[in-house]
Amino acid sequence: MTEKEKKEKVVLFQGSNYRVLAMDRYNVMLEILNSEGNYKFVGYYTSTVKALQALIRQDLLMDRTETRDIREYLNEIQVYKEKIMNDIEAHFSAEDDELFN
């Protein structure tokens, strides 16, 4: 494998402000878009599902500089869950799937 091939990352799943990349046959990498418009490394996971779960479990899409009460916090988590589900639905839409056309 050449250096260029090692540096090129395959995007397995592109969401709103985050992406999951293939690392090797056992791991994926999660990155989040930062305020400067660059992707920042978050962590390695064993699957795309685990990486997406980490977005919610670790509050990775929330603005942590903002103070909120528990009700606002729970509402924001629900909004991000719905956003991720919409990203998944868009990614696997039957219109784009060759099996359905």
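The first residue in the sequence is number 1, and the count goes up from there. All of these numbers come straight from a predicted model, not from anything done at the bench.
For the atom pair CD of Glu31 and CG of Leu33, the computed distance is 10.0 Å after rounding to the nearest 0.5 Å. Atom NZ of Lys9 and atom CZ of Arg19 lie 6.5 Å apart (nearest 0.5 Å). Here the NZ atom belonging to Lys83 is positioned 5.0 Å from the CG atom belonging to Asn17, to the nearest 0.5 angstrom. A distance of 10.0 Å separates OH in Tyr44 from CG in Leu21, rounded to the nearest 0.5 Å. The structure places CD1 of Ile56 at 7.5 Å from CD1 of Ile77, a figure rounded to the nearest 0.5 Å.
Cluster annotation: Met23 is not connected to Leu12 through the hydrophobic network of ILVMFWY side chains, with a link wherever side-chain heavy atoms come within less than 4.5 Å. With hydrophobic clusters built from ILVMFWY side chains whose heavy atoms lie under 4.5 angstrom apart, Val49 does not share a cluster with Tyr80.
Side chains of Ile88 and Phe13 form a contact here, defined as non-hydrogen atoms less than 4.5 Å apart. Looking only at side-chain heavy atoms (C-beta outward), Leu60 and Tyr18 stay at 4.5 Å or farther from each other. Residues Leu55 and Ile32 are in side-chain contact: their nearest non-hydrogen atoms beyond the backbone lie under 4.5 Å apart.
Side-chain atoms of Asn38 and Glu36 form no donor-acceptor pair, as typed in the model, at a separation below 3.5 Å.
The shortest heavy-atom contact between Val28 and Ser47 is CG2-O, 3.4 Å. The minimum heavy-atom distance between Leu30 and Tyr45, with the atom names listed, is CB-CE1, 3.7 Å. Here the shortest heavy-atom pairing between Val20 and Ala51 reads CG2-CB, 4.0 Å.
Of the possible polar contacts, one joining the Glu72 side chain to the Asp69 backbone as a donor-acceptor pair under 3.5 Å is found.
Counted within 6.0 Å of CZ on Arg71, heavy atoms from surrounding residues, nucleotides or ligands total 12 or fewer; the atom is thus considered open. Residue Tyr26 qualifies as open at atom OH: its count of foreign heavy atoms under 6.0 Å is 12 or below.
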Please step through side-chain contact (heavy atoms from CB on, under 4.5 Å) for the pair Asp87 and Leu52, ending with a clear verdict. CA-CA 11 Å; Asp87 290 342; Leu52 295 176; over 6 Å; no
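For Glu76, the salt bridge (Lys or Arg N to Asp or Glu O under 4.0 Å) partners are Arg68, not counting sequence neighbours.
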